[in-house]
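By convention in this document, chain letters (A, B, ...) are assigned in the order of the sequence lines, proteins followed by strands, and residues within each chain are numbered from 1.
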Amino acid sequence: MADDKDVLRDVWFGRIPTCFTLNQDEVTEREAEPYYLLLPRVSYLTLVTDKVKKHFLKVMKADDVEEMWFEYEGTPLKWHYPIGVLFDFHASNTVLPWSITVHFKNFPDRDLLHCPSSSVVEAHFMSCIKEADALKHKGQVINDMQKKDHKQLWMGLQNDKFDQFWAMNRKLMECSTEEGGFRYIPFRIYQTMIERPFIQKLFRPVSPEGTVHSLGDLLKEVYPAALPSDGKQKHFQVVIHGIEPLLETPLQWLSEHLSHPDNFLHICITPVPSD
Amino acid sequence: MNLSVLDEQKFHYCCQLLVQQSQQLKDGWCWETVTSSDEGYLKKIIVRTVVIGSRLMWNHESSRTSSSFHQKQEDQMCETENLNAEADGDDEDDGLCTFSESRSLVLQYEYHIVYSYSYSTPVLYFRAFSLEGRSVSLEDMWRSVHPSLRLSLQKNRLSTISLQEHPLLGQPFFMLHPCRTEEFMRPVLQDQLRPMNYVLVWLSVVGPLVGLDVPLKYSTQLHLPG
């Protein structure tokens, strides 16, 4: 078990070296230097980019500044997905640092949610945890917590305090041994084949016959296109936190150890790089 | 069978019935499917005039009581073609428009009912645009909530209406949070004497909160079979 605790730490402290560049159409008083930052995989863009904003505002006139938003190769980045998910889905297999373009004009409000303050991130984060617990324990664990416990989860994430967060999150990850897992596994699958943001269905960690479900079983059920057909070349990578877990890995274990702080297991299906 | 829990199949069935009734009542609900998927959602588009006072804005429609009048005046459709029909139908409206500084604004509201696997309930998503295509902000959306409901809702602001990603379209929509739905629907559906359409009953509770009225005729029509 000691090893498994290390997994939680490794996931929490995952970082992505990132280079922020100002969109060239922004009006500046002098040239804007790029800004480099190590982004925590488990956090949210709008939560960790205060410094980026400050950096670029130094060269801009206040009149030219509207809500900040981010773009990667023409795609507006959804701040409400964890940073690691954005990277794995849009930019895995590219050269580091990850190059993100910063905008202060023309907010694409048909694509992105507004994020006027960190309280919006907090509300989003807590609503994800709530939803995940509705799947895992019919919401009983999160509803039994007090307001200060909810705050502890949020503050843990906001201030990057692993121990503070996990002291509380531990309760959300508990399940009775006789059931062998959660009621349903909170997961989201991101893919490019079907035109929708993600796939989310009901899936149990254990079959009615008592067989333990694996990552491969989940994909076979909800997104079989991701799996290689027998003897054929692999077309897709199944990526969680930047790695490709074995398809035989039990889903319950993945849910307990590789979920993001929002308590969802975010799975990215991306094409195998051609070179 | 646990009557207060709505599975996906039952949701689809309820929606199907609601669309049938809506067609008879010309109430504008239709079923939209998502490309290359077996999932979908109920959709209704309404064009209506809202009044923005200095600090006040609510819609005229929700203050009316007669649903037949409502039917005639409100232009409801699933197609977006004849959107301008309502634009000048609201001029000599009721006596609410008493603010000298207020102005009326024509907005197109789009309501979606989507099934939530996590909560086993329907969820109401909606958005609004001006006729020039500008989207309405969360603040303005709050102003369009009827004043008598606004205060009690806003006390619990973050858990009621918020801007969220539409789970099937990936675009920003306002959402009425579903986490209390099962709670308030339970007593309604434990009444086994009368078979009821879960989605319709639920809609009649949450719809009026955001200006979406459910005509009484849905309930005075024949009830669903079996």
Side-chain angles (χ1 to χ4, degrees), chain A residues 67 75-76 78-81 107-117 119-139 142-143 147 150 154 182-188 190-203 222-223 225 263-264, chain B residues 2 4-9 11 32-41 110 114-121 123 125 127-130 133-141 156-183:
Chain A
E67 185 172 348
T75 306
K78 295 176 175 176
W79 65 262
H80 63 287
Y81 293 174
F107 189 92
D109 57 9
R110 298 231 177 179
D111 298 311
L112 298 184
L113 303 177
H114 285 285
C115 184
S117 70
S119 66
V120 175
V121 187
E122 179 180 358
H124 167 72
F125 175 67
M126 289 316 298
S127 118
C128 288
I129 289 194
K130 233 179 196 176
E131 181 176 346
D133 199 53
L135 289 163
K136 290 194 285 193
H137 312 106
K138 289 191 172 174
I142 193 78
N143 290 336
K147 205 151 194 158
H150 292 177
W154 166 245
F182 302 136
R183 206 166 65 98
Y184 297 106
I185 299 288
F187 72 91
R188 286 178 180 169
Y190 302 82
Q191 44 75 46
T192 47
M193 310 263 283
I194 305 174
E195 206 182 319
R196 53 180 302 178
F198 49 76
I199 298 170
Q200 190 180 330
K201 300 242 167 164
L202 297 179
F203 195 77
V222 304
Y223 193 59
N263 278 245
F264 274 87
Chain B
N2 186 349
S4 63
V5 171
L6 181 78
D7 62 25
E8 192 188 10
Q9 215 183 348
F11 170 75
E32 292 275 318
T33 46
V34 179
T35 342
S36 58
S37 145
D38 51 356
E39 288 175 78
Y41 54 92
E110 190 176 327
V114 185
Y115 181 70
S116 162
Y117 290 99
S118 306
Y119 293 102
S120 311
T121 60
V123 183
Y125 289 86
R127 61 180 171 185
F129 297 108
S130 68
R134 213 168 43 81
S135 51
V136 171
S137 70
L138 186 59
E139 285 69 31
D140 282 344
M141 185 53 71
N156 202 2
R157 189 169 207 177
L158 291 173
S159 60
T160 54
I161 302 176
S162 61
L163 196 59
Q164 299 276 342
E165 177 177 32
H166 190 298
L168 298 175
L169 301 182
Q171 295 163 355
F173 271 70
F174 299 108
M175 181 186 87
L176 267 179
H177 204 274
C179 62
R180 304 284 296 278
T181 303
E182 208 200 324
E183 198 179 308

Any chance you could measure Phe107(A), atom CZ, to Ser135(B), atom OG, to the nearest 0.5 Å? 9.5 Å
Drop me the distance from His177(B)'s NE2 to Lys130(A)'s NZ, to the nearest 0.5 angstrom. 6.0 Å
Do Lys138(A) and Tyr119(B) make a side-chain contact, defined as non-hydrogen atoms from C-beta onward lying under 4.5 Å apart? no
Between Asp109(A) and chain B, with a heavy-atom cut-off of 4.5 Å, which part of the residue counts as in contact: side chain, backbone, both or neither? both
Minimum heavy-atom separation for Gly133(B) and Arg110(A), please, with both atom names. O-NH2, 3.2 Å
If one checks every heavy atom of Leu163(B) against chain A at 4.5 Å, the contacting part turns out to be both
Validation row: Pro167(B), Gln200(A) side chains within 4.5 angstrom (heavy atoms): no
Any side-chain donor-acceptor pair under 3.5 Å between Ser116(B) and Glu131(A)? no
Sort Phe129(B) into side chain, backbone, both or neither according to what part of it lies under 4.5 angstrom from a heavy atom of chain A. side chain
Note: Ala134(A) and Ser118(B) closest approach over all heavy atoms is CB-O, 3.9 Å
Residue pair Glu195(A) / Val34(B): nearest heavy atoms and the distance that separates them: O-CG1, 4.1 Å
Pick one of side chain, backbone, both or neither for Gln164(B), based on which atoms fall under 4.5 Å of a heavy atom in chain A. both
Part of Phe203(A) within contact of chain B (heavy atom distance under 4.5 Å): neither
Under 4.5 Å to a heavy atom of chain B? For Ile199(A) that would be neither
So what's closer than 4.5 Å to chain B heavy atoms on Lys78(A): side chain, backbone, both or neither? side chain
Between CD of Glu8(B) and NZ of Lys201(A), what distance do you get to the nearest 0.5 Å? 6.0 Å
Nearest heavy-atom contact between Pro172(B) and Leu113(A) is CB-CD2, 3.5 Å
